[in-house]
Structure formats: C-alpha cells, structure tokens
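Written out below as structure tokens is the structure these notes cover.
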Amino acid sequence: MDKTIEELHSLLKSGEVTSKELVEESLKKSHEVQEKYNAFVTILDDAKETTITDNLLSGIPFGIKDNYSTKDILSTGSSNTLKDYVPFYTATAVQKLLDAGAIPVNKTVLDEFGMGGTGTTGHTGIVKNPWDPTRMTAGSSAGSVCAVAAGVYPYALGSDTGDSIRKPAAFCGIVGYKPTYGMISRYGLFPFASSLDHCGVLTRSVVDAAIVADAMKGIDEHDMTSWDSSDIHLYESLNGEVKGKKLCYIKELCDIESYENPTDELKLHLENFKSSLEVCSSLGIEVEAVSVDQKLLNALPSVYVAISCAEATSNMSNLTGIIFGPRGEGKNVTEMMMDHRTKGFSTLIKRRFVIGSYILQKENQERYFKNAQRVRRLLVDTWKELFKTYDAVILPVGSGPAKHLDGSKDILTKDTAALEEHLQIGNFGGFPSITIPDGFIDGLPVALNITGNCYDDENVLNIAYAIESKMNYKNQIAKEVHHE
C-alpha cells in the first residue's frame with residue numbers, strides 16, 4: 001500500500017486491482033504492524049470492499065483513531081474506562097468518509113483520551129516508531145501515524161489538541177494536517193479540550209491530505225463550532241504557484257545562539273531547516289526572520305497545560321462508570337465512582353485531572369485559568385499580526401528526530417520547551433497547520449511546519465505542496481534503522 005490515493009483510484013478504475021485485494025492487503029499489513037509496533041486497538045478483519053465510483057476515496061482502506069465514535073465498533077479512547085464501549089452512532093467525519101466509499105480496516109491506538117505526546121499511555125501499551133522501535137512515535141495520534149508511515153494504507157484519521165497530528169507526523173516522516181478550527185465537525189470525537197480540539201488527517205503527501213480533508217469537512221448541525229467551507233476546495237487549489245508568497249520564521253526559536261548547550265541533533269535540525277528555507281527562496285517565496293518576545297514564547301507550555309487540563313477535567317466528568325464503562329466497586333455511588341476513576345485512568349490522566357480541578361477552583365481561577373486565557377490571547381494576537389504581512393509562519397518541528405522510549409539519551413532543557421511546543425499556537429488560534437517531512441538526521445525523519453491564518457487553508461496547503469515538490473520525501477514508507 002505504498003501508492004497515493006490518486007494512483008490507487010486509477011488502478012481501481014482500470015480494474016488492475018480490486019477493492020477486495022486492497023482490503024486484504026491492508027488487513028494483512030495491519031497484523032504485521034500490530035505484531036511489530038502495537039499500533040491498533042481493533043483490527044476489522046470482516047472489512048468488506050465497496051463499489052468503485054468517481055470519488056477518489058472509494059474502495060480504499062483507511063484507519064480511524066480510537067477516539068472517534070464508530071457505530072457497533074469498539075471505541076475505547078485507549079482508556080480502561082471505556083475498554084468495552086461500543087457506540088450507537090458514528091462520528092460525522094467518519095460517516096462522510098464512509099459515504100465516499102472509503103473502507104475502515106482498523107481503530108488505532110492513541111495516548112489515553114488524546115492526553116499525551118508520547119504514544120505510551122494507551123491501555124493496550126506502547127506504540128513503537130516504525131523507523132526505529134526504540135523511539136517513540138510521539139502522540140497522541142500514535143497508532144494512526146505508525147500505520148500510515150508503515151504503509152498499511154494511504155491515510156488515517158487523527159485529532160489534534162496541542163500537536164497530536166503534526167508532531168507524530170514529524171517523528172514518523174509523513175504529512176500531518178490540522179485544518180482551521182471547525183472546518184471538520186467534531187461530533188462523535190471524544191472531547192478533550194473543546195476550545196483546542198481539531199479533527200484532521202495523516203497522509204504521506206500534501207495532495208492526499210487535501211483529498212481526505214475535502215471529503216471530511218463541512219457544516220454539521222450536530223456541532224455548533226462547525227462552519228460552511230463549501231467555497232474552499234483544497235485539492236483543486238493545489239497548483240504549486242507560490243512566487244511572491246511571504247513566509248516568516250521566529251528568530252528566537254530558529255537561531256542556535258538561543259540555546260545554551262545545544263545537542264548535536266538540535267544543531268543538525270536547525271541547519272536542515274535553513275536548507276528548507278533556501279528551497280522556499282528557490283520557489284520565489286520571500287522568507288524573513290521576525291522577533292517575538294521570549295517571555296511570551298516561554299509561557300507557551302504552561303498556558304497549554306492550564307487550559308487543556310481545566311477543559312479536560314470538565315469534559316471527562318461524565319466518565320464515572322455509572323452511565324457507561326465498567327462499574328466500580330463500593331457501598332454507594334460515590335465509592336463506586338472513586339473506584340472506577342482510580343483504577344480506570346492512567347497516572348498521567350489522573351495528574352492532569354488534579355491540575356485541572358485545582359485550576360478551576362474558585363479561589364484559583366483568576367490566577368491560573370484566566371491568566372492562561374489572557375496569555376493565549378496575546379499569543380494569538382501576535383500571530384494574527386504576523387498574518388497581516390505574511391502568508392504563513394514556517395518553523396522546524398521540535399528539537400530533532402523522535403525521542404527515545406526510555407528517555408535515556410534525550411536532553412530536553414527549559415530553553416528548548418518553546419521549540420518543542422510551538423505547534424500549540426495553531427490550536428490556541430484555530431489556525432490551519434501542516435507538517436511535512438524535510439530531511440533526516442542519522443536515518444530518522446525530521447520536519448517543518450507551516451501555519452497560516454484561519455480560513456486560509458488553501459493557501460497553507462498550496463505552499464506546503466510547492467515545498468514538498470522540491471524535496472524527495474513525498475510518499476515515503478518507513479525503513480527501519482537500528483542505532484547502538
């Protein structure tokens with residue numbers, strides 16, 4: 001399954017391959033990937049072929065992150081609290097793909113309820129990186145990114161609350177696209193932090209990301225934050241004409257002088273990013289450095305933790321074991337709920353709930369929650385100001401390639417926190433944001449990110465498409481490398 005959606009569609013239309021053959025191949029590959037990397041909660045071995053139509057997605061298999069509701073199919077959120085939960089309805093984004101004739105073949109592992117950036121907290125265990133199984137995929141869309149990178153199918157669904165599509169895409173050498181907030185309905189997506197949650201897609205090319213997002217987007221009466229994007233045509237608007245476009249990067253994040261003791265990986269990553277900027281210049285794109293207050297950048301991770309934990313605590317108060325999920329033990333309802341939540345949630349989730357509850361206490365709201373919202377507004381306004389002059393902000397993703405699962409060789413310092421977490425600004429402002437691979441360090445992929453203004457998805461994707469066309473990383477399948 002190493003072909004693009006367009007290539008597969010062409011083969012299906014001509015009869016050179018059948019939908020049944022694609023499904024069988026994808027299921028076979030699913031079991032192989034599961035054995036090696038643990039990417040799936042459920043493999044749908046009874047998946048059936050569909051009729052081939054003019055719709056590019058018809059007859060082609062795909063994966064669904066397990067925090068999307070799928071009627072009559074186990075949907076766990078990768079949590080023990082929902083380990084047996086089978087929904088009675090299907091998420092709008094998924095239903096749109098089913099209506100297009102696409103075929104789901106598995107539900108993919110995530111960090112529990114999307115809370116985590118490692119791919120290590122799902123109730124079924126750790127997801128390993130198909131480029132190097134000693135390293136993480138990042139998260140939370142860990143299973144989806146692993147499967148697409150390993151060639152199980154051309155695309156899978158993800159969700160993105162802080163960087164949960166775009167960071168794992170970077171670590172696994174593929175494309176991760178989070179559209180403008182509300183372009184894709186979140187009805188049926190398990191809520192984490194409602195003001196930050198986005199639906200999106202993981203693919204191996206910008207074209208495929210455009211095709212899938214086109215099929216998923218649209219206004220939905222079940223989601224009051226969705227909006228009418230019928231005049232936006234992502235796939236049709238990809239023409240690669242970018243001469244005269246203007247991009248900026250943040251000096252404080254991209255200059256090696258900003259870092260006290262930079263690792264070799266960070267040095268190589270920033271050098272690689274400079275080469276990517278030269279590619280932009282060769283396309284006729286103007287690229288300029290801009291300066292942003294370091295204090296504001298340093299506040300990024302704290303703002304995200306405060307807002308996301310507070311919203312998560314509220315959103316997940318219904319996970320009691322009383323309404324659904326396995327019942328807890330106890331003499332009364334309170335004891336049963338405490339038992340259910342104590343045993344059901346991972347340590348990470350419980351820590352986040354404690355933080356969220358503390359932040360939301362009346363005496364703490366002004367100091368923590370409201371101040372976090374104020375700083376969020378300052379960050380969003382700063383980026384909005386940049387978008388008055390520039391088409392998009394271009395930045396490296398993280399401080400290098402995928403981190404080690406055991407953490408033994410990774411050096412994460414305070415001065416790299418903003419570089420690691422800047423993708424969260426795309427969630428703060430609801431901005432369209434796409435990550436594309438732009439090189440390798442020691443055989444492991446690294447990436448750049450392009451983030452533009454709300455509703456400017458066509459422009460953002462077209463810039464990414466033009467840059468991608470000048471590089472050799474489109475539609476790459478992971479090749480396992482082993483490091484000592």
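- Looking only at distances, no side-chain donor or acceptor of D457 sits under 3.5 Å from a matching main-chain atom of P179.
- Residues passing the salt bridge (charged side-chain N to carboxylate O under 4.0 Å, His left out) test with R351: none are found, sequence neighbours excluded.
- In this view, E385 and K388 satisfy the salt bridge (charged side-chain N to carboxylate O under 4.0 Å, His left out) rule, not counting sequence neighbours.
- Y390 carries K246 over the face of its six-membered ring, with the cationic atom under 6.0 Å from the centre and within 45° of the normal.
- No more than 12 heavy-atom neighbours from other residues, nucleotides or ligands sit within 6.0 angstrom of CD on E329.
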### Task
In sequence, state the C-alpha distance, the side-chain angles, and the governing distance for T203 and Y177, and then conclude on side chain to side chain contact (heavy atoms under 4.5 Å, CB included).
CA-CA 8 Å; T203 65; Y177 169 47; over 6 Å; no
Please table the atom pairs, donor to acceptor, closer than 3.5 Å between any side-chain atom in residues 148-155 and protein atoms at least two apart or in another chain.
{"residue": "Y153", "atom": "OH", "partner": "N106", "partner atom": "OD1", "Å": "2.7"}

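- Formation of a donor-acceptor pair under 3.5 Å by the D339 side chain with backbone atoms of G328 is not found in this model.
- Applying the salt bridge (Lys or Arg N to Asp or Glu O under 4.0 Å) test to residues at least two apart or on different chains, the pairs with a partner in residues 7-20 are K13-D54, K20-E24.
- Between F428 and W383, the ring centre distance reaches or exceeds 6.0 Å.
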### Task
Mind running side chain to side chain donor-acceptor pair (under 3.5 Å) on T4 and K474 for me, showing each step along the way?
CA-CA 10 Å; T4 67; K474 184 167 68 173; over 6 Å; no
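- Scanning all heavy atoms of the two residues, the minimum distance from G139 to P168 falls at O-CD, 3.6 Å.
- R186 contributes atom CZ, which lies 5.5 Å from atom CG of D223 (distance to the nearest 0.5 angstrom).
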### Message
For a side chain to side chain contact (heavy atoms under 4.5 Å, CB included) check, start with the C-alpha distance between V17 and K3, then their side-chain angles and the critical distance, and finish with the verdict.
### Response
CA-CA 12 Å; V17 298; K3 293 184 164 47; over 6 Å; no
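- Between S195 and R376, the closest heavy-atom pair is OG-NH1, 2.8 Å.
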### Task
Carefully, step by step, assess R374 and E366 under the rule salt bridge (charged side-chain N to carboxylate O under 4.0 Å, His left out).
CA-CA 10 Å; R374 290 178 185 112; E366 181 66 36; 2.7 Å; yes
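- Side chains of S144 and K65: a donor-acceptor N/O pair is absent below 3.5 angstrom, by distance only.
- For the 3.5 Å distance criterion, the side chains of K178 and N427 fail to qualify, holding no donor opposite an acceptor.
- By the salt bridge (charged side-chain N to carboxylate O under 4.0 Å, His left out) test, D45 is found to be paired with no residue, residues two or more places apart in sequence or in another chain being considered.
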### Query
Hey, mind stepping through L247 and C280 against side chain to side chain contact (heavy atoms under 4.5 Å, CB included) and telling me if it holds?
CA-CA 9 Å; L247 298 178; C280 294; 4.1 Å; yes
Please table the atom pairs, donor to acceptor, closer than 3.5 Å between any side-chain atom in residues 75-83 and protein atoms at least two apart or in another chain.
{"residue": "S75", "atom": "OG", "partner": "T70", "partner atom": "N", "Å": "3.3"}
{"residue": "S75", "atom": "OG", "partner": "T70", "partner atom": "OG1", "Å": "2.9"}
{"residue": "S75", "atom": "OG", "partner": "I73", "partner atom": "O", "Å": "2.9"}
{"residue": "S75", "atom": "OG", "partner": "K107", "partner atom": "NZ", "Å": "3.0"}
{"residue": "T76", "atom": "OG1", "partner": "D66", "partner atom": "OD2", "Å": "2.6"}
{"residue": "T76", "atom": "OG1", "partner": "S78", "partner atom": "N", "Å": "2.8"}
{"residue": "S78", "atom": "OG", "partner": "L110", "partner atom": "N", "Å": "3.0"}
{"residue": "S78", "atom": "OG", "partner": "L110", "partner atom": "O", "Å": "3.2"}
{"residue": "S79", "atom": "OG", "partner": "T81", "partner atom": "N", "Å": "3.1"}
{"residue": "S79", "atom": "OG", "partner": "T81", "partner atom": "OG1", "Å": "2.8"}
{"residue": "S79", "atom": "OG", "partner": "E112", "partner atom": "OE2", "Å": "2.7"}

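- Within 6.0 Å of the NZ atom in K96, the count of heavy atoms belonging to other residues, nucleotides or ligands exceeds 12.
- Between the side chains of D456 and N453, no donor N or O sits under 3.5 Å from an acceptor N or O.
- With no hydrogens or angles considered, a side-chain donor-acceptor pair links E6 and Y235 at under 3.5 Å.
- No donor-acceptor contact under 3.5 angstrom links the side chains of N55 and T53, judged on distance only.
- Smallest separation of non-hydrogen atoms from F192 and G114: CE2-O, 3.5 Å.
- Using modelled atom types, no side-chain atom of N364 and backbone atom of L360 make a donor-acceptor pair closer than 3.5 Å.
- Within a 6.0 Å sphere centred on CE of M336, heavy atoms belonging to other residues, nucleotides or ligands number more than 12.
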